2 protein chains.
Amino acid sequence: MANTHVKEMQALKEHLGKHQLKLTRQRELILSAFLRQEHITAEAMYHQLAKSDPHLGLATIYRTLNLFCDAGLAQARHFGSQTKYDNVSHKGHHDHLICTGCEKIVEFENEEIERLQEEVATKNGFTINTHRLELYGLCSRCRH
Amino acid sequence: MANTHVKEMQALKEHLGKHQLKLTRQRELILSAFLRQEHITAEAMYHQLAKSDPHLGLATIYRTLNLFCDAGLAQARHFGSQTKYDNVSHKGHHDHLICTGCEKIVEFENEEIERLQEEVATKNGFTINTHRLELYGLCSRCRH
DNA sequence: ATCATTTTGAGAGAGCTTATCAATTTCAAT
DNA sequence: ATTGAAATTGATAAGCTCTCTCAAAATGAT
C-alpha cells in the first residue's frame with residue numbers, strides 16, 4: 001500500500017465510516033490491487049490475489065468490488081456476460097474503444113460528445129446521471 | 001405474416017441460403033413476432049408466443065434471435081443481467097436514453113455524435129464496426 | 001480485554017444462456 | 001410425390017457469472 005493510494009484509501013475509510021462498515025485486511029488488499037488496474041473482472045482479481053492470499057474468497061472479491069462502486073471508487077460495466085470494474089477514482093469518466101480482434105481496450109474522453117449527449121437528453125426531458133459509450137472495431141494491428 | 005414484413009423475410013431467406021440453413025415454421029413465427037417489437041428479451045418472447053404455440057421451446061427462441069443477429073436483423077444488447085434484442089432491420093442504428101426510474105427507453109439518433117465517434121476512432125487507429133451508446137438518467141415524469 | 005456488530009470463506013443457490021441429443025422437419029434430388 | 005442426408009426442434013441438463021447463507025473469525029467502540 002505504502003503511500004501511493006492514500007487518497008483512495010481515505011475515500012474508502014470515509015465511506016466505511018458513514019455506513020457503519022469496517023476496515024478489514026481483505027478490503028485493504030483488494031483496494032490496493034484494484035487501483036493498479038484499469039478495468040478488471042472479479043474472477044481475474046481472484047486469480048491474481050490468490051498468490052498473496054490463497055484463502056481469499058471469490059464472494060469477498062465481488063462484495064468488495066461492489067462496495068467500491070458504492071463508495072464511488074469503481075464503476076461496474078457489463079461486457080457481454082461478464083462485469084468489469086473500472087477504476088474511476090482518480091481518472092474521472094472515460095469511454096472505451098474495443099478491438100474485437102485482440103480484445104484490446106483503449107480509453108478516451110471527448111468533451112464534445114459529452115456535451116451533445118446532454119443536449120439530446122435535455123431535448124427529451126431527461127436528466128443524465130451516467131452513460132456508457134463503447135466503440136467496437138479493429139485496431140490498426142488487427143486490420144489486415 | 002401477410003405482406004407487412006416482406007423485406008425482412010427476404011433478408012432472412014438470403015442469410016439462410018448463404019449458410020445452408022433452413023426456413024422453418026418456428027423461424028417465420030418468431031420473425032413475425034420479433035418485428036412487432038422495439039426491443040425484447042428472449043424470455044418475454046417465450047411467454048408472448050406461448051399463446052400461439054405452446055410447444056415452442058425457450059432454447060429455440062434464443063437460437064433464433066441469435067440467428068437474427070447474425071443475419072443483421074437484430075442486435076443484442078446487455079442490460080444488467082439480461083439481454084435485449086433490438087429490431088434494427090428497418091430502423092437503422094439508434095442509441096438509447098434509459099430512465100432508471102421507470103425503465104422507459106427512448107431511442108434517438110445523432111449524426112454529430114456518430115461523426116465524432118469516427119473521429120476518435122481514426123485518431124486511435126481504429127476502424128469502427130458497431131457501437132453502443134446508452135444514457136442513463138431520469139425522465140421528466142420520474143424527476144421530482 | 002470485552003463484546004456487539006460486521007465480515008469472511010466455502011459452498012449452495014439463483015438467473016440467464018447455451019449444449020446435448022433423440023425425434024422431427026426441411027428441401028434437393030430423384 | 002418419395003426419398004434421404006442434413007438441419008432443426010423441444011426438453012432438459014449443464015455452464016457461467018454472480019449472490020445468498022451461515023457458522024466461524026475479525027473489527028473496533030467501550
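Numbered from 1 within each chain, the chains take letters A, B, ... in sequence-line order. Given the structure is predicted, the values throughout are model-derived calculations rather than measurements.
What separates CG of B:Leu12 from P of D:dT8 is a distance of 11 Å, to the nearest Å. The CG atom of B:Asp53 sits 11 Å away from the P atom of D:dT9 (whole-angstrom rounding). Atom pair A:Leu23:CG and C:dT5:C1' shows a separation of 16 Å (rounding to whole Å applied). A:Gln82 has its CD atom 13 Å from the C1' atom of D:dG15, to the nearest Å. For the pair A:Glu28 CD and C:dT7 C1', the interatomic distance rounds to 14 Å; values are reported in whole Å. We find that CG of B:Leu67 is positioned 11 Å from C1' of D:dT8, with the value rounded to whole Å. Whole-Å rounding puts the A:His19 NE2 to C:dT5 P distance at 19 Å. Between the NE2 atom of B:His55 and the P atom of C:dT25 there is a distance of 12 Å, given to the nearest Å.
At a threshold of 4.5 Å between side-chain heavy atoms, the hydrophobic network of Ile, Leu, Val, Met, Phe, Trp and Tyr places B:Leu138 and B:Ile105 in two separate groups.
For the residue pair A:Arg63 / A:Thr60, a side-chain donor-acceptor distance below 3.5 Å is found, with atom types taken as modelled. Between the side chains of A:Glu134 and A:Tyr136, at least one donor-acceptor pair of N or O atoms lies under 3.5 Å. Between the side chains of A:Arg27 and A:Thr64, no donor-acceptor pair of N or O atoms lies under 3.5 Å.
Residue A:Arg115 forms a side-chain hydrogen bond (donor to acceptor under 3.5 Å, both in side chains) with just one option from A:Gln117, A:Glu119, A:Glu111, A:Glu118, and that option is A:Glu119. Here the options are B:His78, B:Arg77, B:Glu43, the test is side-chain hydrogen bond (donor to acceptor under 3.5 Å, both in side chains), and the partner is B:Thr83; only B:His78 passes.
If you check residues 56-66 of chain A against DNA chain D, the residues with a heavy atom closer than 4.0 Å are A:Ala59, A:Tyr62, A:Arg63, A:Asn66, listed by number.
Between B:Gln26 and D:dG10, a side-chain N or O to OP1/OP2 separation shorter than 4.0 Å is present. Regarding contacts with the backbone of C:dT17, every side-chain N or O of B:His78 stays at 4.0 angstrom or more from both OP1 and OP2. In this structure, B:Arg25 does not reach the D:dT9 phosphate: none of its side-chain N or O atoms is under 4.0 Å from OP1 or OP2.
Between B:Thr24 and A:Lys22, it is A:Lys22 whose nearest contact on DNA chain C lies nearer the 5' terminus. Taking for each of A:Arg27 and B:Thr41 the nucleotide of DNA chain C with the nearest heavy atom, the 5'-most of the two is the partner of A:Arg27.
Here B:Glu43 lies out of heavy-atom contact (under 4.0 Å) with every strand. Using a 4.0 Å heavy-atom cutoff across all strands shown, A:Thr83 reaches sugar-phosphate atoms only and no base atom.
Of the inter-residue distances, the one linking B:Asn110 atom CG with B:Leu133 atom CG reads 9.0 Å to the nearest 0.5 angstrom.
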